[in-house]
Amino acid sequence: MGSGLQKKVAVTGGIGSGKSLVCSRLKEYGIEVFDCDASAKRLMRTSQPLIEKLTNLVGEEAYVGGKLNKAAIARYMMDSEANTRNVNQLVHPAVGEDFILSGMTWMECAILFESGFQKYVDVVVCVAAPKETRIKRVMERDGITREKVLEWMTKQLPQRTVVEKSDFVILNDGVADIDKQISQMLAFVGYL
């Protein structure tokens, strides 16, 4: 472990890049990673202030019998970019606060730059992979069509933009040595 204060590190990358693989390998180094997506889902189900705000925004159908109605939230968000922004403006600050309160120094966040979460960390690590590799992985993982994966990809920043904004890049193309790159990254951020 490096000396002094631990740097806060975000692991990001587009859908199908392999962020979760990298984060699971970090556990082998004793590094616990805060999962922004899991936090958002949990808070939308359990945080009373967030539940009230989402109900006021989306309407009573946002929660049925006290349970999150994901279909209603999804429909609302699909209606317009503005609706998606409105939901994100409620959920993102709650997740950011959850990260701070967690005391963790590592986070996994697919939409790091879109959410503004780079402000919570010192170092950004991007996991990157060729587009076709990413498409194939998501199709296999989620059992969805190529068109659906491409639609999801268009809702995220282009990979090259994320790479340019990041401090360190791990190539997860199925050929490059992931473990070697993780060791190099840990040395880069001062964890080894």
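Given the structure is predicted, the values throughout are model-derived calculations rather than measurements. We number each residue from 1, following the sequence as shown. These values consider heavy atoms only, across backbone and side chains, with no hydrogens, waters or symmetry-generated copies.
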Quick one: OG on Ser17 to CZ on Arg137, what's the gap to the nearest 0.5 Å? 7.5 Å
Start with the C-alpha distance between Val125 and Thr12, add both sets of side-chain angles, then the distance that settles side chain to side chain contact (heavy atoms under 4.5 Å, CB included), and finish with yes or no. CA-CA 6 Å; Val125 176; Thr12 192; over 6 Å; no
Which residues pass the side-chain hydrogen bond (donor to acceptor under 3.5 Å, both in side chains) test with Ser183, not counting sequence neighbours? Tyr29
Is there a ring pair (Phe, Tyr, Trp, His ring centres under 6.0 Å) between Trp106 and Phe99 once you walk through the steps? CA-CA 9 Å; Trp106 290 72; Phe99 172 67; over 10 Å; no
So Val127 and Gln159, do their side chains get closer than 4.5 Å, heavy atoms only? no
Report yes if the side chains of Met44 and Leu54 come closer than 4.5 Å at any heavy-atom pair, otherwise no. yes
From NZ (Lys8) to CD (Gln118), nearest 0.5 Å: 15.0 Å
Measure the shortest side-chain to side-chain distance between Met107 and Val121 over non-hydrogen atoms and say whether it is less than 4.5 angstrom. yes
Rounded to the nearest 0.5 Å, what separation is found between the CD atom of Glu151 and the NZ atom of Lys148? 4.0 Å
State, with a plain yes or no, whether a side-chain heavy atom of Val9 is found less than 4.5 Å away from one of Asp122. no
Please tell me whether Ile111 and Val162 are part of a single hydrophobic cluster in this structure, the criterion being side-chain heavy atoms less than 4.5 Å apart. no
With no hydrogens and no angle check, do the side chains of Glu108 and Ser20 hold a donor and an acceptor under 3.5 Å apart? yes
Hey, does Ile31 have a side-chain heavy atom less than 4.5 Å from the side chain of Thr105? no
With Asp37, which residues qualify under salt bridge (Lys or Arg N to Asp or Glu O under 4.0 Å), at least two apart? Lys41
If I take atom CZ from residue Arg25 and atom CD from residue Gln181, how far apart are they, to the nearest 0.5 angstrom? 11.0 Å
So CZ of Phe113 and OG of Ser166: to nearest 0.5 Å the spacing works out to 4.5 Å
Taking all atoms of both residues into account, what is the closest heavy-atom pair of Leu157 and Glu114, and its distance? N-OE2, 2.9 Å
Distance-only donor-acceptor hits, side chain of residues 64-72, under 3.5 Å, sequence neighbours excluded:
from	atom 1	to	atom 2	distance (Å)
Asn69	OD1	Ala71	N	3.4
Asn69	OD1	Ala72	N	3.3
Asn69	ND2	Glu61	O	3.0

Check Ile73 against Ala62 and note the closest heavy-atom contact, atom names and distance. CD1-CB, 4.0 Å
Any heavy-atom pair between the side chains of Phe168 and Leu186 that's under 4.5 Å? no
Hey, mind stepping through Ile15 and Arg141 against side chain to side chain contact (heavy atoms under 4.5 Å, CB included) and telling me if it holds? CA-CA 11 Å; Ile15 187 168; Arg141 181 190 74 197; 3.8 Å; yes
Taking all non-hydrogen atoms of both residues into account, name the closest pair between Asn172 and Ala129 and its distance. O-CB, 3.3 Å
Could you tell me which non-hydrogen atom of Lys19 sits nearest to which non-hydrogen atom of Gly14, and how far apart they are? NZ-O, 3.5 Å
ILVMFWY cluster, Val123 and Val11 together (side-chain gap under 4.5 Å): yes
Asp173 side-chain N/O to Val175 backbone N/O, donor-acceptor pair under 3.5 Å: yes
Check whether any side-chain heavy atom of Arg45 sits under 4.5 Å from a side-chain heavy atom of Tyr63, and report yes or no. no
If hydrophobic clusters are built by linking Ile, Leu, Val, Met, Phe, Trp and Tyr wherever their side-chain heavy atoms come under 4.5 Å apart, do Leu171 and Val189 end up in the same one? no
Please identify each residue that fulfils side chain to side chain contact (heavy atoms under 4.5 Å, CB included) with Lys53, with sequence neighbours left out. Leu90
Rounded to the nearest 0.5 Å, the NE2 atom of His92 sits from the CG atom of Leu43 at a distance of 11.5 Å
So which heavy atom on Asn83 is nearest to which on Tyr76, and how close? ND2-O, 2.9 Å
Is it true that Leu112 and Val22 fall in one hydrophobic cluster, defined by side-chain heavy atoms closer than 4.5 Å? no
Any luck finding a side-chain donor-acceptor pair between Ser39 and Asp98 under 3.5 Å? yes
Kindly write out the residues that satisfy side chain to side chain contact (heavy atoms under 4.5 Å, CB included) with Arg146, not counting sequence neighbours, or none if the list is empty. Glu132, Ile135, Met139, Leu150
Do Met185 and Ile178 sit in one hydrophobic cluster, given that two such residues count as connected whenever their side-chain heavy atoms are within less than 4.5 Å of each other, even indirectly? yes
Which atom pair, heavy atoms only, marks the closest approach of Phe117 to Cys109? CD2-SG, 3.9 Å
So do the side chains of Val95 and Phe34 get within less than 4.5 Å of each other, counting heavy atoms only? yes
Crowding at CD, Glu97 (>12 non-hydrogen neighbours, <6.0 Å): no
So, using side chain to side chain contact (heavy atoms under 4.5 Å, CB included) as the criterion, who are the partners of Gln89 when residues are at least two apart? Asn86
